[in-house]
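Here is the structure we will look at.
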Number of protein chains: 2
Amino acid sequence: MRRRFFKDVHPVAQFAPVSAVSRAFTEGAYLDAEKKRRILTAADQLGYRPNALAASLQGAGSNLVAIFVGEMPNHYDKEVAAALVNGLNAAGKWPIVIGGAGDTAKSAIQNVLRYPLEAMILRSGSLDADVVSSCLKLGIPVISSGRIVEGPAVDNICVRNREAMAMMTEHLINQGRRKFAYLSGPDTFWSTHERYLGFEETVKEHRLEPCSKLYGDYSVMGRFNAIQLHPDLANMDALVCANDAMALGALMYLKSKSISVPGEIAVTGFDDISMAEWPNVELTTLRNPIEALVKGTIDLLMARAADP
Amino acid sequence: MRRRFFKDVHPVAQFAPVSAVSRAFTEGAYLDAEKKRRILTAADQLGYRPNALAASLQGAGSNLVAIFVGEMPNHYDKEVAAALVNGLNAAGKWPIVIGGAGDTAKSAIQNVLRYPLEAMILRSGSLDADVVSSCLKLGIPVISSGRIVEGPAVDNICVRNREAMAMMTEHLINQGRRKFAYLSGPDTFWSTHERYLGFEETVKEHRLEPCSKLYGDYSVMGRFNAIQLHPDLANMDALVCANDAMALGALMYLKSKSISVPGEIAVTGFDDISMAEWPNVELTTLRNPIEALVKGTIDLLMARAADP
DNA sequence: TTGAAAGCGTTACCAA
DNA sequence: TTGGTAACGCTTTCAA
C-alpha cells in the first residue's frame with residue numbers, strides 16, 4: 001500500500017509541510033515569522049494542537065504522573081489529594097488519579113503503568129511492595145508522600161509523626177494532665193505506629209501510669225468512635241487521638257455525655273483539617289502542613305525529572 | 001540511515017517477533033499457546049507491558065478521560081470527585097484530573113486537550129463556553145455532571161434541584177413552618193439559581209410573606225456564615241440552605257446563640273454529605289445521590305464510546 | 001531557513 | 001498460524 005503522506009491528512013499541513021507545523025509550535029525553532037503566524041491561525045481555527053502522546057513517543061516528556069490515593073477515608077486525605085492535583089497542574093504535570101484498594105486498585109495500577117509516566121506518587125500504603133517493584137523495572141521514579149517507604153529509587157516526604165506526637169504529649173503533661181487515653185488508627189496505616197511511639201515514649205519518660213489504648217479507623221464515625229467503648233471516662237483527663245477525624249468523633253460523643261472539654265478531658269488531634277477551626281470545636285491539633293507536603297512532593301518530582 | 005528493526009530494541013522481541021508479542025497481549029489473537037506463555041514469562045521478568053500511548057496512536061482507545069473538578073469548596077464536591085475517580089477506574093478509564101479556576105485552569109485544560117481524550121467531564125462551571133467549543137472542534141464528547149450545560153455534543157446528568165427544593169419547602173410548610181429565611185449560594189454556581197427557584201415558587205404558592213434571602217459561599221465557614229448577618233433571628237422559624245455545608249455553619253452559629261434546632265428554627269440543607277449523619281447535627285437534608293450521579297456519568301461515557 | 005524522511009512502540013494487514 | 005511491514009502523528013536530523 002502506498003504510504004499516505006501527512007499532507008493528505010494532517011489538518012494544518014494542508015497549508016504547510018508537517019515539519020513547519022511542528023516548528024510553529026516549538027518555541028525558538030527556525031521559521032519565517034509570517035509563515036508561523038499563518039500556521040498558528042489555521043491551527044486555531046481548526047482547533048488543532050499537537051498530539052502530546054505522539055510527541056512523547058518521539059522523545060518529549062509525557063508530563064503524565066500517576067497518583068495512587070487509596071481510599072481517602074477522612075477529610076485530610078481528600079484535602080491533600082486536591083492540593084496535590086492543583087500543585088501538579090500548576091507545575092504543568094497532569095495527574096492520572098487511581099483510587100480504591102485491594103485487587104481492583106492493584107490491577108488499575110498495573111494498567112496505568114502502561115502509560116509513559118514521569119512518576120508514581122503514593123498516598124496510600126496498601127500496595128507498596130507491588131507498586132515499587134513494578135515501577136523499578138520500568139524505571140519510573142516512586143515518590144511516597146506522607147509515609148516512608150523503603151526501597152531503591154523511592155523518594156520519601158513525610159512529616160515527623162513521632163516527634164510531633166511527642167511534643168503534643170509533652171505539652172499536655174506541662175498543662176497538668178496525668179491520666180491519658182490514646183485513640184489509635186488502624187495498624188494498616190503507616191502513620192499509626194509512628195504516632196503512637198511518640199506518645200508512648202513521652203508518657204513513659206514522665207513515669208505516668210500505663211494508659212488505655214483504643215482503636216478507631218481514622219474516620220469520624222467509624223464504630224461511632226471507639227471512645228464509647230472506654231471503660232471509665234471518669235478516670236481520664238486527656239484523650240490523645242491519632243488524627244483529627246477521630247478526635248472530632250470523640251468530641252461529639254463527650255459532648256453528648258455532657259463531659260466538658262477541655263475542662264474535664266482535653267482532646268487532641270493530628271492534621272489540622274479545616275473542621276478543627278470551626279467554632280464550638282474544642283480541639284487542640286497538630287498542623288500537618290499540606291502546602292509544605294505538596295511543595296515537597298513536587299520538588300522531588302522536578303528533581304527526578306531533571307536528573308533521573 | 002538504516003532502519004533499525006524492532007528486534008534490535010524491543011525488550012521482549014529478542015525472543016519473538018514484535019507481531020507475536022503484540023498477539024500475546026491481545027485477547028483472542030492467533031498464537032501458539034506455548035509461544036504465548038514464553039513471551040508472557042519474559043515480559044513479566046522484564047516488567048514489560050505494551051505502551052498504551054503507542055497503541056492509541058495505532059487506533060486503540062486511549063482510555064484517558066479528563067475531569068475538570070474546579071475548586072471543590074465543600075466536602076460534597078470532594079466526595080463526588082473521589083467517587084467519580086473510583087467509578088472510572090472500575091470501568092477501566094483513567095482520569096486526568098484538573099483542578100483550580102481562572103486562567104491557570106484554563107491553560108491547564110488547553111494543555112490536557114493535547115492528549116487523546118475519550119471524554120471531558122465537567123464538574124465545575126467556571127469555564128464552560130471555552131471548554132465546550134474546544135472539545136467540539138476536537139471531537140471530544142463533553143459530559144456535564146451535576147449541572148446543565150447547553151451546547152451541541154454535551155451530555156448532561158443532573159439532579160432535579162428545583163423540584164427537590166420545592167418538595168423540601170413543601171415539607172416544612174406541612175410541618176407548620178411559616179416564616180422562612182433562605183441562605184443562598186454564590187451566583188457563580190449553576191445549582192444556586194435552580195434551588196432558589198424551587199424554594200421561591202413554593203413559598204409563593206402558599207402565599208407566605210416574602211422571606212429574607214442571604215448569601216453564603218457554599219462553604220461551612222465562609223464569612224462565618226451569612227446567617228450572622230440576619231437582622232432578626234426571632235422573626236424566623238425555618239432556615240432553608242442551598243447546601244449542607246452552609247447549613248452546618250448556620251447550625252453551629254445558632255447553637256452558639258442557644259437557639260434550639262429544630263425547636264425554634266428548622267434548618268435544612270442539600271446534598272446529604274456524610275457530616276449530616278453525625279450525631280448532634282440536627283439537620284434535615286435532601287439526598288443528592290452520589291452513586292447515581294457517578295453511575296449516570298459513566299453510563300453516558302460508555303454510551304459515547306460505543307456510539308460517538 | 002526549509003522540505004523530506006527516519007524513527008518512536010504499537011497494531012493490523014497481507015502474503016506465506 | 002505466522003513473520004514482515006505500513007501506518008498512527010509527531011519531532012528531529014540531514015541535505016539542500
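Letters A, B, ... mirror the listed sequences (proteins, then strands); counts begin at 1.
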_For B:Ile273, is there any backbone N or O sitting under 3.5 Å from a side-chain donor or acceptor partner on B:Asp271?_
no

*With a 4.0 Å cut-off on heavy atoms, is B:Arg114 in touch with a base, just the backbone sugar-phosphate, or nothing at all?*
nothing

*Any residue meeting ring-ring contact (aromatic ring centres under 6.0 Å, His included) with A:Tyr76, in chain and number order, not counting sequence neighbours*: none

_B:Ala54 side-chain proximity, nearest of C:dT10, D:dT11, D:dT1_ = C:dT10

*Which nucleotide in the set D:dT2, D:dC14, D:dT11 lies at the smallest distance from any side-chain heavy atom of A:Arg23?*
D:dC14

*Roughly how many Å is it from CG in A:Leu53 to P in C:dG9, rounded to a whole number?*
14 Å

*How many angstroms lie between atom CG of B:Leu293 and atom CG of B:Asn288, to the nearest 0.5 angstrom?*
7.0 Å

*Would you mind reporting whether A:Asp130 and A:Gln110 have side-chain heavy atoms less than 4.5 Å apart?*
yes

*Of the nucleotides C:dT10, D:dT11, D:dG9, which has the atom closest to the A:Leu57 side chain?*
D:dG9

*In whole angstroms, how far is the C1' atom of D:dT11 from the CD1 atom of A:Ile39?*
14 Å

*Figure out the OH/C1' separation between B:Tyr30 and C:dT11, and round it to whole Å.*
17 Å

*Nearest-nucleotide wise, let me know which of B:Leu31 and A:Pro50 is further upstream toward the 5' end of DNA chain D.*
B:Leu31

*Select from B:Arg49 and A:Ser19 the residue whose nearest nucleotide in DNA chain C is closer to the 5' end of that strand.*
A:Ser19

*Report the distance from atom CD of A:Glu27 to atom P of D:dT11, rounded to the nearest whole Å.*
13 Å

*Phosphate oxygens OP1/OP2 of D:dT2: is one of them under 4.0 Å from a side-chain N or O of B:Lys36?*
no

_Looking at B:Tyr48, I'd like to know whether one of its side-chain N or O atoms comes within less than 4.0 Å of OP1 or OP2 on C:dT10._
yes

_Which heavy atom of A:Arg147 sits nearest to which heavy atom of A:Asp128, and what is that distance?_
NH1-OD2, 2.9 Å

*Where the side chain of B:Gln58 is concerned, which of D:dT2, C:dT2, D:dA7 is the nearest nucleotide?*
D:dA7

*Between C:dT2 and A:Lys35, is there an OP1 or OP2 to side-chain N/O distance shorter than 4.0 Å?*
yes

